[in-house]
Amino acid sequence: MTELTLISYDLCPYVQRASIALQEKGIPFKRINIDLNNKPDWFLEISPRGKVPLLKLEDGTVLFESSVICEYLEDRYPNPLHPRDPIARAGHRAWMEFGTAVLGDIWHLETTGDEAVYHQRAAAIRQKFQRMEDVLQDGPYFAGTTFSLVDAVFGPVFRYFDLFDQLADHGIFDDLPKGRAWRSALADRISIRDAVAPTYLDRLRSFLADHDAYLLRQAREEALL
């Protein structure tokens, strides 16, 4: 079987969720990283929105949008990552979209140079995880003992905090024991660990520096006190 090709950017959480789904379903694939600040012509020709991820299939068809890619993999390949029950499956899809909303808040948290915006977004993220605390089961994963596409979405979400925890006492996971346990379980999952390169945290720190992020600037200022 010809390998699928995942076209990627090394910091993109949406690429990560596609990579995680591919690994969890045991699908062989190769990965091509591009520079989103210098997009090659061949990429622009096949990416309708100029974004990653893209998944190139065996026949040359190119899929875009991470949610579409994950659903395609779910429909075509064994080792399901969605529940069988239609209502439960719809609920999982809704929580995947909820995870996308968390990523939107994280984008502003990590790139803003404004202290007020930083605190607003931190509060919004905490509020969302407080809501999730009420729906999490006994773990270790979102729906209990079975790894799902919801976990594939939130693994990259939690990964940001591996750096954020080093930079600030943000308090987002304070008094959220289920959320913290879920984060720990996902961090131990091979597919989630392998969805990024070993240099990920260094690259993320450089990304914050490039945006003159309040989060990084404040950490530097406090280190001088």
For Leu201 and Asp162, run side-chain contact (heavy atoms from CB on, under 4.5 Å): C-alpha distance rounded to whole Å, both residues' side-chain angles, the deciding distance at 0.1 Å, then the answer. CA-CA 8 Å; Leu201 288 183; Asp162 294 346; 4.0 Å; yes
Gap between atom CZ of Arg121 and atom CG of Leu215 - 0.5 Å precision: 14.5 Å
In terms of hydrophobic clustering (I, L, V, M, F, W, Y; side-chain heavy atoms under 4.5 Å; direct or indirect links), are Leu176 and Val135 co-clustered? yes
Rounded to the nearest 0.5 Å, what separates atom CZ in Phe207 from atom CG in Leu163? 11.5 Å
Using 0.5 Å steps for rounding, measure from the CZ atom of Phe142 to the CZ atom of Phe154. 7.5 Å
Holding to side chain to side chain contact (heavy atoms under 4.5 Å, CB included), I want the full list of residues that pass it with Ala122, two or more places apart in sequence or in another chain. Leu109, Ile172
Looking at side-chain heavy atoms only, is the closest gap between Ile69 and Pro53 below 4.5 Å? yes
In one Ile/Leu/Val/Met/Phe/Trp/Tyr side-chain cluster, 4.5 Å: Trp107, Val117: no
Ignoring hydrogens and angles, tell me if any N or O in the side chain of Gln218 forms a donor-acceptor pair with the backbone of Ala168 under 3.5 Å. no
In terms of ring plane angle, is the pair Phe173 and Phe161 parallel, tilted or perpendicular, where the classes change at 30° and 60°? perpendicular
Do Arg76 and Glu58 pass the salt bridge (Lys or Arg N to Asp or Glu O under 4.0 Å) test, and can you show the C-alpha distance, the side-chain angles, and the key distance before you say yes or no? CA-CA 13 Å; Arg76 180 173 177 187; Glu58 301 97 322; 3.1 Å; yes
In terms of ring plane angle, is the pair Tyr200 and Tyr160 parallel, tilted or perpendicular, where the classes change at 30° and 60°? perpendicular
Could you tell me if the side chain of Leu63 sits less than 4.5 Å from the side chain of Leu54, heavy atoms only? no
Tell me, please, which residues at least two apart from Glu115 pass salt bridge (Lys or Arg N to Asp or Glu O under 4.0 Å). none
Could you go through residues 127-134 and list every donor-acceptor pair under 3.5 Å that involves a side-chain atom there, pairing it with any protein atom two or more places apart or in another chain?
{"unit_1": "Lys128", "atom_1": "NZ", "unit_2": "Asp105", "atom_2": "OD2", "d": "2.7"}
{"unit_1": "Glu133", "atom_1": "OE1", "unit_2": "Gly179", "atom_2": "N", "d": "2.9"}
{"unit_1": "Glu133", "atom_1": "OE2", "unit_2": "Lys178", "atom_2": "N", "d": "2.7"}

With sequence neighbours excluded, what pairs up with Lys51 under the salt bridge (Lys or Arg N to Asp or Glu O under 4.0 Å) test? none
So, Gln16 side chain and Ile192 main chain: donor-acceptor pair closer than 3.5 Å or not? no
Between Arg49 and Glu65, is there a side-chain N and carboxylate O pair less than 4.0 Å apart? yes
So for atom CG, which belongs to Leu44, do other residues, nucleotides or ligands contribute more than 12 heavy atoms lying within a distance under 6.0 Å? yes
Spacing of Leu73 atom CG and Ile27 atom CD1 [to the nearest 0.5 Å]: 4.5 Å
Could you go through Val52 and Ile34, starting from their C-alpha distance and side-chain angles, then the distance that decides it, and tell me whether this counts as side-chain contact (heavy atoms from CB on, under 4.5 Å)? CA-CA 9 Å; Val52 292; Ile34 66 163; 4.1 Å; yes
Can you tell if the side chain of Val157 reaches within under 4.5 Å of the side chain of Leu103, non-hydrogen atoms only? yes
His211/Thr112 under side-chain contact (heavy atoms from CB on, under 4.5 Å): CA gap, chis, key distance, verdict: CA-CA 7 Å; His211 285 77; Thr112 185; over 6 Å; no
Identify, with sequence neighbours excluded, every residue that meets ring pair (Phe, Tyr, Trp, His ring centres under 6.0 Å) alongside Tyr14. none
On a heavy-atom basis, which atom in Val153 and which in Gly99 lie closest, and how many Å separate them? CG1-CA, 3.9 Å
Are side-chain heavy atoms of Val102 and Phe158 found at a separation under 4.5 Å? no
Sequence-distant partners of Thr100, side-chain hydrogen bond (donor to acceptor under 3.5 Å, both in side chains), two or more places apart: Arg17
Pair listing, salt bridge (charged side-chain N to carboxylate O under 4.0 Å, His left out) test, anchored in residues 190-210, at least two apart: Asp10-Arg203
Under the side chain to side chain contact (heavy atoms under 4.5 Å, CB included) rule, collect the residues that match up with Asp169, sequence neighbours excluded. none
Identify the two heavy atoms, one from Ala219 and one from Leu167, that lie closest to each other, and give their separation to 0.1 Å. CB-O, 3.4 Å
Report whether Tyr77 and Leu22 are members of the same hydrophobic cluster (ILVMFWY, side-chain heavy atoms less than 4.5 Å apart, transitive linking). yes
So Ser19 and Gln23, side-chain contact (heavy atoms from CB on, under 4.5 Å) or not? Walk me through it. CA-CA 6 Å; Ser19 171; Gln23 292 183 71; 3.1 Å; yes
Between Ser191 and Phe147, the two heavy atoms sitting closest are OG-CZ, 4.4 Å
What's the separation between atom CG in Leu208 and atom OG1 in Thr111, rounded to the nearest 0.5 Å? 8.5 Å
Ring geometry between Tyr118 and Tyr214 (parallel below 30°, tilted from 30 to 60°, perpendicular above 60°): tilted
Report whether Leu36 and Trp42 are members of the same hydrophobic cluster (ILVMFWY, side-chain heavy atoms less than 4.5 Å apart, transitive linking). yes
I'd like to check Glu74 versus Pro80 (side-chain heavy atoms, cut-off strictly below 4.5 Å). Are they in contact? yes
With distance as the sole test, does Lys56 use its side chain to make a donor-acceptor pair with the main-chain N or O of Ile7 at under 3.5 Å? no
Met96-Ile87 co-clustered via ILVMFWY side chain contacts under 4.5 Å: no
Going by side chain to side chain donor-acceptor pair (under 3.5 Å), name the pairs with one or both residues in residues 139-150, residues two or more places apart or in two chains. Tyr141-Arg189, Ser148-Asp151
Salt bridge (charged side-chain N to carboxylate O under 4.0 Å, His left out): pairs with one or both residues in residues 37-47, sequence neighbours excluded: none
With sequence neighbours excluded, residues passing salt bridge (Lys or Arg N to Asp or Glu O under 4.0 Å) with Asp114: none
Pairs in or reaching into residues 85-95: which pass side chain to side chain donor-acceptor pair (under 3.5 Å), with residues at least two apart or in two chains? Glu71-Arg93
Please find the pair of heavy atoms, one from Pro140 and one from Ala185, that lie closest to each other, and give the distance. O-CB, 3.5 Å
Taking the side chain from Arg31 and the backbone from Ser8, do they hold a donor-acceptor pair closer than 3.5 Å? no
Minimal non-hydrogen separation, Arg159 against Ala195, with atom names: NH2-CB, 3.9 Å
Taking the side chain as every heavy atom from C-beta outward, state whether Thr5 and Phe29 have any atom pair closer than 4.5 Å. no
Roughly how far, to the nearest 0.5 Å, is CG of Asn79 from CD of Glu24? 9.0 Å
Flag side-chain contact, heavy atom, 4.5 Å: Ser47 against Phe64: no
With heavy-atom distances below 4.5 Å as the criterion, would you say the side chains of Asp174 and Arg126 are in contact? yes
When every non-hydrogen atom of Lys25 is compared with those of Pro78, the smallest separation belongs to NZ-O, 3.0 Å
